[in-house]
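Keep in mind that the numbers below use all heavy atoms, side chains included, and drop hydrogens, waters and symmetry copies.
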Amino acid sequence: MQITDWSKGLSVEVGGRGVVSHVGAALLRLLADRSGLTRALSVAVARRGFVPGRDRGRVLVDLAAMIADGGEAIADIDVLRHQGEVFGPVASPATCWRALDEISDVQVRRISRARAKVRARVWALFGQVPAACAAGRSVGDSLIVLDVDSTIVVAHSDKDGAAATYKHTYGFHPILVTCDNTGELLAIRLRPGNAGANTAADHLDVLTEAFAQVPAAHRRNLLIRGDSAAATHAVIDRLTAQDAKRNRRVQYSLGWSIGEAERAAIDALPTAAWSPALAADGGIRDGAQVAELTGLLTLAGWPPGMRVIVRRERPHPGAQLSLFEERDGWRYTAFVTNTAVGTLQWLEARHRAHARVEDRIRCAKDTGLGRLPSREFAINAAWCQLTAMACDLIAWLQTLALDGELAKAEPKRLRYRLLHTAARLVHGQRRRRLRIPSTWPWAEQITTAFTRIAAIPAPG
């Protein structure tokens with residue numbers, strides 16, 4: 001048999017009826033409606049004396065669903081718009097452009113408050129918020145872990161706010177906060193490409209917004225993780241002040257730059273001060289050790305209770321080492337924390353789990369953040385808010401309606417198996433039915449997800 005025999009007798013023609021694609025995107029729209037997000041956004045962006053032809057909350061949810069479905073440009077809304085038998089009336093690209101252009105700074109704040117209100121309802125539907133994990137075990141059932149980091153979004157054309165970045169590229173430098181427990185993108189701030197990585201004001205602004213996104217009932221026990229760009233006096237002082245509030249515990253675990261003082265302290269450490277480090281599965285990691293430097297450093301001006309912990313590890317081949325590291329062959333990293341209890345190995349493994357934020361950023365770039373649609377900064381900033389909503393919808397879908405592999409799948413895999421699924425639309429008894437081919441391996445998961453989302457009580 002020839003390897004090209006599969007195409008014999010195959011032709012393509014126009015005229016099919018009742019077949020629709022991307023039916024999994026209906027899961028996202030239904031979830032937005034059932035969670036109350038659509039209605040909340042309609043109220044948030046409403047303007048006195050202005051009655052749009054398309055409800056703006058509906059338009060924003062449809063854009064978020066399109067982004068979650070893999071859309072990279074506003075024109076991609078046509079994929080949903082031309083399947084009205086399933087999705088109903090969907091705004092045109094021109095209406096979507098107008099809706100984004102209408103979003104002011106005031107409306108961005110109102111959208112954030114609407115998202116926080118809906119999030120509280122969704123977390124209540126969870127029953128129990130998933131626990132964040134490190135070294136093969138939970139970091140605490142009631143502990144909410146927030147990871148703050150920045151990234152580079154490359155611009156391939158001249159856009160408002162695009163500038164040369166510290167990585168010698170051209171584009172933007174957004175900063176964002178994700179929730180490690182749920183995978184949600186809580187807050188994002190679009191910044192010009194030349195914005196500083198360690199700008200304390202930007203970190204404080206995005207962390208304040210992220211705090212407000214955490215439901216009040218879960219805001220009493222937080223862990224903030226970040227790299228050394230977040231370890232500034234202003235950020236650590238603010239987190240320490242938050243920790244001092246009644247009925248609130250705010251811990252931090254932030255990367256720490258190794259300077260002359262730290263190198264001198266490392267030299268002064270006795271061999272017995274080093275303990276084996278933990279691997280990602282909780283076992284002992286060969287060739288890696290941790291120790292505490294706090295007592296060997298002068299930390300005047302820093303809040304009391306701040307601890308400095310250092311890790312050393314034999315570098316991988318080709319790693320670039322400093323002159324200090326080349327002297328003894330170890331590679332050193334450090335972080336600071338105000339957590340007073342727990343072994344050094346556990347605290348270091350908990351901090352190293354911050355690396356998962358890189359996966360969240362990669363998924364966010366695959367879900368709208370990687371390509372900003374407009375030349376105007378304000379519209380791109382509004383697009384980033386839709387990206388955050390799209391990431392939230394995916395996280396909520398996986399937690400509330402999916403099991404097994406799909407509950408942990410990254411966006412691209414979820415799209416290929418679930419969101420882009422084709423089905424036959426059947427009418428009968430005043431109802432519409434989507435019939436997924438029984439040969440599709442994930443058909444049962446899709447129908448189960450529809451049933452679970454449809455069972456969510458409508459918002460009051």
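At least one side-chain heavy atom of Asp403 sits under 4.5 Å from a side-chain heavy atom of Arg452. With contacts defined as side-chain heavy-atom distances shorter than 4.5 Å, the pair Ser253/Leu347 does not qualify. Taking the side chain as every heavy atom from C-beta outward, Leu185 and Leu369 never approach each other to under 4.5 Å. Two residues are said to be in side-chain contact when any heavy atoms from C-beta on lie closer than 4.5 Å; Asp149 and Glu358 meet this criterion. Residues Val118 and Trp396 form a side-chain contact, since some pair of their non-hydrogen atoms from C-beta on lies under 4.5 Å apart. Side-chain atoms of Leu278 and Thr343, non-hydrogen and from C-beta on, never get closer than 4.5 Å to each other. Lys412 places a side-chain heavy atom less than 4.5 Å from the side chain of Asp366. Annotation: side chain of Ile436 is not in contact with side chain of Trp442 (no heavy-atom distance under 4.5 Å).
Interatomic distance, CD1 of Ile67 versus CE of Met389, reported as 8.5 Å (0.5 Å rounding).
Checked against Arg249 for a side chain to side chain donor-acceptor pair (under 3.5 Å), the options Asn221, Thr339, Asp243 give a single hit: Asp243. A side-chain contact (heavy atoms from CB on, under 4.5 Å) with Ile453 holds for exactly one of Leu30, Leu28, Thr448; it is Leu30.
Contact between Gln107 and Ala44 at its shortest, heavy atoms only, is CG-O, 4.4 Å.
Residue pairs that meet the side chain to side chain donor-acceptor pair (under 3.5 Å) test with at least one member in residues 122-134, sequence neighbours left out, are Trp123-Glu184. Annotation: ring-ring contact (aromatic ring centres under 6.0 Å, His included) contacts involving residues 261-288, sequence neighbours excluded, are absent.
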**Audit row: Asp202, Arg189, salt bridge (Lys or Arg N to Asp or Glu O under 4.0 Å) steps and yes/no** = CA-CA 8 Å; Asp202 291 341; Arg189 176 175 291 268; 5.0 Å; no
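A donor atom on one side chain and an acceptor atom on the other are not found under 3.5 Å apart for Ser374 and Glu376.
A salt bridge between Arg312 and Asp328 is absent, with no side-chain N of the basic residue lying under 4.0 Å from a carboxylate O of the acidic one.
Taking the six-membered ring where tryptophan is involved, the planes of Tyr166 and His173 are tilted, since the angle between them lies from 30° to 60°.
The 12-atom threshold is not exceeded at OH of Tyr416, counting heavy atoms of other residues, nucleotides or ligands nearer than 6.0 Å.
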